[in-house]
Amino acid sequence: GVPDLLVSYLGVLTLLEVKRPLGAKGGMPERRDHEGGKGDLTAAQVKWWQRWKGKPAIVVRNENEALRAIGVGE
């Protein structure tokens with residue numbers, strides 16, 4: 001359930017959960033609701049995120065979203 005990437009940039013820790021891109025080439029996210037998840041998060045991810053007390057993890061779907069999430073290019 002731990003996010004895919006734990007990124008430290010300029011002294012700030014950001015947790016990133018990487019999912020497939022949306023759209024024609026990336027398709028639709030796989031829904032996990034029937035497995036106890038929520039949206040495209042697995043049940044283990046939902047449980048982990050609920051217990052995490054730090055800065056919330058951010059879902060990213062491509063490199064540009066990841067860079068924006070950590071504050072690169074702002």
Side-chain angles (χ1 to χ4, degrees):
V2 177
D4 297 312
L5 301 172
L6 286 72
V7 181
S8 179
Y9 178 69
L10 298 178
V12 177
L13 178 65
T14 305
L15 284 63
L16 302 179
E17 177 63 34
V18 180
K19 296 294 183 187
R20 284 186 279 171
L22 299 176
K25 291 186 178 181
M28 293 298 294
E30 183 176 345
R31 299 291 299 184
R32 303 285 186 168
D33 303 336
H34 66 285
E35 300 170 354
K38 180 175 181 178
D40 56 352
L41 297 177
T42 66
Q45 289 168 335
V46 171
K47 184 177 179 180
W48 190 92
W49 289 35
Q50 288 172 340
R51 291 184 175 176
W52 175 247
K53 301 293 185 211
K55 181 178 162 185
I58 301 170
V59 173
V60 296
R61 298 183 183 278
N62 59 51
E63 297 88 353
N64 289 333
E65 287 182 5
L67 291 171
R68 277 195 307 272
I70 66 169
V72 173
E74 292 184 352

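Bear in mind that the values here come from a model prediction, so they are computed numbers and not experimental data.
With sequence neighbours excluded, no residue satisfies ring pair (Phe, Tyr, Trp, His ring centres under 6.0 Å) with Trp49.
When all heavy atoms are compared, the tightest approach of Trp48 to Val2 is NE1-CG2, 3.4 Å. Closest non-hydrogen pair, Ala69 versus Val60, comes out as CB-CG1, 4.1 Å. Nearest heavy-atom pair, Thr14 versus Lys55, reported as atom, atom and distance to 0.1 Å: OG1-NZ, 3.4 Å.
In this structure, Ile70 CD1 and Leu15 CG are separated by 12.5 Å, a value rounded to the nearest 0.5 Å.
Among pairs with a residue in residues 3-18, those fulfilling salt bridge (Lys or Arg N to Asp or Glu O under 4.0 Å) read Glu17-Lys19, at least two apart in sequence or across chains.
Hydrophobic cluster membership is shared by Leu16 and Leu10, with clusters built from Ile, Leu, Val, Met, Phe, Trp and Tyr side chains linked at under 4.5 angstrom.
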